[in-house]
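Just so we're on the same page: letters track the sequence lines, and every chain starts at 1. Since this is a predicted model, take the numbers as computed values, not measurements.
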Protein chains: 2
Amino acid sequence: MKTEEASYRDKKVMSIGIVKELTGLSERQIRYYEKRQLLFPERTSTGIRKYSFSDVERLMDIADKIEEGVQTKEIRHELARREEKNRNKTNEIRNRMLQGQLNAHFHSRNY
Amino acid sequence: MKTEEASYRDKKVMSIGIVKELTGLSERQIRYYEKRQLLFPERTSTGIRKYSFSDVERLMDIADKIEEGVQTKEIRHELARREEKNRNKTNEIRNRMLQGQLNAHFHSRNY
DNA sequence: CGTGTAAGGAATTCTGACACG
DNA sequence: CGTGTAAGGAATTCTGACACG
């Protein structure tokens, strides 16, 4: 179920300097997109930002949108819509699995 | 072929502070194991070490071995042997693929 | 052999502000 | 609105060495 790979992708482990290199964006831009709520890095206890690979991917997407002239506000809405879809899809799968278990249970018990 | 996940795993992106947190080892230990050639972090242009998730995994393995009383020299040999095996396996696959292409080629040309 | 620590310096990151527009 | 920059401070990392054993 590739649990580990997903954890690598979402684990917040990089500081802003590497994200800067990976994305080609300036620190200013990266911090600004955070202020506009487009991504949510974690912080160390002393306040240093930590990013994940998925944050890096998201930043690339954001950069593309910005270049197309889309405003951060719009981008935020798009991201929110995407989150919503994913939540629905996840729940769908979850429900289907649960339903399957229930079916198996009742059939095996011969109700 | 999960090219991307592998890239996340092997990409050197973390500084020693996070590796320290992730592994529970001290900076001293992490740098020492490097000196003993057990892992090979990259460096930024200014000399800061950068580690990958696979380095973190390797450090966990190393820590286990050390606890078992194995010396760094032994651990290095074990790691070398493991690399050797992987190289062989990769070549095997590569050769098999090449052979398959050759076969396809000659059969289709009807020699 | 493997690890802790204090020392001094260099590189990194942070925030709030001035600037342009 | 989105981004650059200089400013000052705080946190991080680096190396070589002394120490114990």
OP1 or OP2 of [N] less than 4.0 angstrom from a side-chain nitrogen or oxygen of [X], does that happen here?
X	N	answer
B/Arg49	D/dC14	yes
B/Arg28	C/dA6	no
B/Tyr33	C/dG2	no
B/Arg43	D/dT15	yes
B/Tyr32	C/dG2	yes

- Based on Watson-Crick and G-U pairs with both distances under 3.5 Å, what dot-bracket line describes DNA chain C 5' to 3', crossing pairs as [ ] and inter-strand pairs as |? .||||.||.|.|.||.||||.
In whole Å, what is the span from the [atom1] atom of [X] to the [atom2] atom of [N]?
X	N	atom1	atom2	answer
B/Ile30	D/dT13	CD1	C1'	12 Å
A/Glu27	C/dG16	CD	C1'	16 Å
A/Leu25	D/dT3	CG	P	8 Å
B/Gln29	D/dT13	CD	P	16 Å
A/Arg31	C/dT13	CZ	C1'	6 Å
B/Lys12	D/dT13	NZ	P	17 Å
A/Ile48	C/dC14	CD1	C1'	7 Å

- Most 5' of B/Lys73 and A/Lys35 on DNA chain C, judged by nearest nucleotide: B/Lys73
- Task: Could you pick out which residue, B/Thr72 or B/Thr46, lies toward the 5' side of DNA chain C when each is mapped onto its nearest nucleotide?
- Result: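 So the residue in question is B/Thr72.
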- Message: Using a strict heavy-atom distance below 4.0 Å, which residues from residues 14-24 of chain B are in contact with DNA chain D?
- Response: B/Ser15, B/Ile16, B/Gly17
For residues [X] and [Y], determine if any side-chain heavy atom of one lies less than 4.5 Å from a side-chain heavy atom of the other.
X	Y	value
A/Val19	A/Asp55	no
B/Leu79	B/Arg76	no
B/Lys50	B/Arg43	no

- Nearest to side-chain heavy atoms of B/Gln71, which nucleotide of C/dG2, D/dT3, C/dT12: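 Nucleotide nearest to B/Gln71's side chain: C/dG2.
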- Counting side-chain heavy atoms from CB outward, which of D/dG4, C/dT13, C/dT3 is closest to B/Ile66?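 Of the options given, the side chain of B/Ile66 lies nearest C/dT3.
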- Item | Among A/Arg58, A/Lys73, A/Lys65, salt bridge (charged side-chain N to carboxylate O under 4.0 Å, His left out) partner for A/Glu78 |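 The passing option is A/Lys65.
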- Task: For A/Arg36, report the nucleic acid contact type (base, sugar-phosphate, nothing); a contact means any heavy atom under 4.0 Å.
- Result: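 Touches sugar-phosphate only.
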- Yes or no on side chain to side chain donor-acceptor pair (under 3.5 Å) for A/Ser54 and A/Asp10, after CA distance, side-chain angles and deciding distance? CA-CA 6 Å; A/Ser54 60; A/Asp10 294 331; 3.1 Å; yes
- Should B/Val13 and B/Val56 be regarded as members of a common hydrophobic cluster, given that ILVMFWY residues are connected when their side-chain heavy atoms come within less than 4.5 Å of each other, either directly or indirectly?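 Yes, B/Val13 connects to B/Val56 through the hydrophobic network.
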- Message: Between A/Tyr33 and A/Phe53, is there shared hydrophobic-cluster membership here, with clusters defined by ILVMFWY side-chain heavy atoms closer than 4.5 Å?
- Response: yes
- Task: Kindly write out the residues that satisfy side-chain hydrogen bond (donor to acceptor under 3.5 Å, both in side chains) with B/Lys20, not counting sequence neighbours, or none if the list is empty.
- Result: none
- Given the options A/Glu34, A/Arg36, A/Gln29, A/Tyr32 meets side chain to side chain contact (heavy atoms under 4.5 Å, CB included) only with A/Arg36
- Message: Quick check: closest heavy atoms across A/Ser15 and A/Tyr51, and the distance to 0.1 Å?
- Response: C-CD1, 4.2 Å
